[in-house]
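For reference, the structure is listed below as structure tokens.
Numbering of ligands and ligand atoms starts at 1, following listing order.
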Amino acid sequence: MALITDSNEAVRILKSGGLVALPTETVYGLGANALDERAVAKVFKAKNRPSFDPLIVHVASVAQARLIAEVSDEAAELFERFSPGPLTLILPKKQIVPDLTTSGHSTVAVRIPNHPITLEVIRNSGLSIAAPSANPFGYTSPTTAAHVIEQLGDRIDAVLDGGPCEVGIESTILELTNTPRILRLGGLSLESIQDSIGKVMIESSSSNPKAPGMLSSHYNPGVHVRLFESLDELLAQYNSVNKSSIGLLIMGDGPSESNIYNLSPSDNDLEAASRLFTGLHQLKTKGFSEIWAHYLPAKGLGRAINDRLKRAAH
Ligand code: TXA
Ligand code: MG
């Protein structure tokens with residue numbers, strides 16, 4: 001495994017069928033040529049990902065999206081408005097996309113990521129790049145190159161270091177049906193989407209999910225997470241227990257001690273999202289036997305953060 005900063009090196013590896021972890025604005029993705037079945041098979045293997053869980057394909061423009069998917073006028077408008085950015089659209093796939101990439105679905109997930117070096121890789125390679133989050137299946141997504149190396153370092157060819165991810169939480173996945181449906185809450189807020197296309201439904205998780213990112217225990221941080229309704233409720237409990245074994249993941253005006261990671265002292269949902277996975281990771285690394293966290297107000301990215309916390313606590 002090589003840690004690289006040169007996009008040309010990433011292009012070379014991807015074109016020869018290798019795996020490169022790529023930075024995006026949301027989380028790091030494990031990239032491979034989406035149209036090369038052998039490369040895609042390596043992605044499933046490296047992540048230990050079940051073959052029924054389809055991959056998101058990353059492109060650099062709407063024109064490139066049209067090479068792999070049927071892009072309706074409505075989809076094109078959404079891309080124009082929110083991309084590059086944390087929006088993934090589920091669209092009818094074109095035949096050129098291998099069934100392995102879409103796990104046999106007749107649709108393909110398409111996204112234009114907002115990170116300059118990865119856009120450069122896509123443009124210079126001319127490839128459509130399949131990139132699931134660069135973590136072993138079921139674990140929390142990496143938001144720095146170091147997280148990727150820790151989790152997958154011995155299973156991939158390279159990590160392209162593009163710094164920490166700015167959004168920090170995965171893209172919002174939207175399926176455009178009669179009533180558009182969000183399959184996964186994410187880095188683009190529900191409010192932004194509804195401002196643009198009116199009411200959308202939110203698919204709740206189930207045992208037979210459309211997007212396995214909706215599996216109820218999908219963001220295992222590797223340590224037990226206990227979730228409270230609010231910061232006040234968390235602190236009330238905390239004051240009556242032995243504190244040394246507990247790490248706190250909080251947001252807002254609260255105490256600051258070495259076992260406490262504050263996602264955003266000023267209650268900013270964007271800042272909180274960008275620090276969520278790093279916070280979980282740091283508290284885990286410090287060796288606490290439990291992490292206590294609390295729900296955030298259900299607005300803006302608070303919804304997606306609550307979704308991830310709920311799954312981490314499952
Ligand atoms: O922000 C992101 O979306 C990141 C970065 C790297 O782009 N990627 C990411 O990929 O989160 P992944 O594989 O961890 O999550 C993709 C989700 C999965 O839950 C998968 O089931 C769903 O997208 N998905 C992919 N193709 C689909 C399809 N055709 N229909 C429904 N869901 C699909
Ligand atoms: Mg993932």
Side-chain angles (χ1 to χ4, degrees), residues 20-32 34 40 43-44 46-59 68-70 82-94 97-115 118-119 121-122 128-143 147-148 151-152 159-160 162 165-177 181-188 203 205-206 208-220 273-274 276-277 301 304 307-308 311-312:
V20 182
L22 299 168
T24 81
E25 81 282 27
T26 60
V27 301
Y28 274 72
L30 180 54
V40 171
V43 170
F44 281 95
K47 276 188 58 100
N48 204 8
R49 183 179 179 109
S51 58
F52 62 75
D53 192 0
L55 307 181
I56 296 178
V57 180
H58 297 66
V59 295
I68 56 166
E70 305 290 347
F82 295 117
S83 294
L87 173 67
T88 295
L89 294 180
I90 306 296
L91 303 171
K93 91 174 183 78
K94 291 208 168 148
V97 183
D99 285 336
L100 185 61
T101 306
T102 63
S103 299
H105 288 261
S106 59
T107 52
V108 58
V110 184
R111 153 166 145 78
I112 306 174
N114 190 14
H115 195 293
T118 291
L119 285 171
V121 169
I122 300 172
S128 298
I129 295 179
S133 52
N135 51 274
F137 184 71
Y139 285 80
T140 45
S141 303
T143 50
H147 289 184
V148 179
Q151 299 198 84
L152 289 180
V159 180
L160 180 61
C165 302
E166 274 180 13
V167 174
I169 200 161
E170 301 87 345
S171 61
T172 301
I173 302 180
L174 181 64
E175 184 181 73
L176 293 170
T177 41
R181 287 189 305 171
I182 289 182
L183 301 184
R184 179 179 71 186
L185 290 160
L188 181 64
E203 187 102 328
S205 64
S206 72
N208 181 22
K210 268 223 139 165
M214 301 298 282
L215 287 173
S216 47
S217 63
H218 198 77
Y219 292 88
N220 177 1
S274 74
L276 176 66
F277 290 139
L301 298 196
D307 170 82
R308 303 303 186 271
R311 292 169 210 287

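When all heavy atoms of S103 and F52 are compared, the pair lying nearest together is OG-C, 3.4 Å.
Annotation: side chain to side chain donor-acceptor pair (under 3.5 Å) contacts of T143 (sequence neighbours excluded): T278. In this structure, the side chain to side chain donor-acceptor pair (under 3.5 Å) partners of H147, at least two apart in sequence or on a different chain, are H281.
Every atom of ligand 1 with a heavy atom of R184 under 4.0 Å away is listed here by number and element: 2 (C), 3 (O), 9 (C), 11 (O), 15 (O), 16 (C), 17 (C). Residue-ligand proximity, L183 to ligand 1, at heavy-atom distances under 4.0 Å covers atoms 31 (C). Atoms of ligand 1 lying under 4.0 Å from any heavy atom of E170, numbered from 1 in the order shown and given with element: 1 (O), 2 (C), 11 (O). Contact atoms of ligand 1 toward G29: 6 (C) (distance under 4.0 Å to a heavy atom of the residue). For ligand 1, the atoms closer than 4.0 angstrom to any heavy atom of A109 are 25 (C), 26 (N), 27 (C). Shown in contact with S171 at under 4.0 Å from a heavy atom are these atoms of ligand 1, numbered in order with element: 1 (O), 2 (C), 3 (O). Every atom of ligand 1 is numbered from 1 in the order shown, and the set under 4.0 Å from a heavy atom of I90 is 27 (C), 28 (C), 30 (N), 31 (C), 32 (N), 33 (C).
The salt bridge (charged side-chain N to carboxylate O under 4.0 Å, His left out) analysis of residues 134-143, with sequence neighbours excluded, yields no pairs.
The proximity of A131 to ligand 1, defined as any non-hydrogen pair under 4.0 Å, is limited to the backbone. Using a 4.0 Å cut-off between heavy atoms, K93 makes no contact with ligand 1 at all. Residue contacts with ligand 1, taken as heavy atom pairs separated by less than 4.0 Å, do not involve T102 at all. Looking at T26 against ligand 1, only its side chain comes within 4.0 Å, counting heavy atoms. The part of H58 lying near ligand 1 is the side chain, judged by heavy-atom distances below 4.0 Å. Contacts with ligand 1 closer than 4.0 Å are made by side-chain heavy atoms of I173 only, the backbone lying farther away.
Between the NE2 atom in H58 and the OG atom in S128 there is a gap of 11.0 Å [rounded to 0.5 Å]. Taking CZ of R308 as the start and CD1 of I169 as the end, the distance is 4.5 Å to the nearest 0.5 Å.
Contact analysis puts R49 in contact with ligand 1, with a non-hydrogen atom separation below 4.0 angstrom.
A side-chain donor from one of T24 and R111 sits under 3.5 Å from a side-chain acceptor of the other. Residues R184 and T88 have side chains that never bring a donor and an acceptor to within less than 3.5 angstrom of each other. Checking S141 against E170 by side-chain atom types alone, a donor-acceptor pair falls below 3.5 Å.
Screening the protein for N, O or S atoms under 2.8 Å from the Mg ion (ligand 2) yields 1; no waters enter the count.
Using a 4.5 Å heavy-atom cutoff, the side chains of S133 and K47 are in contact.
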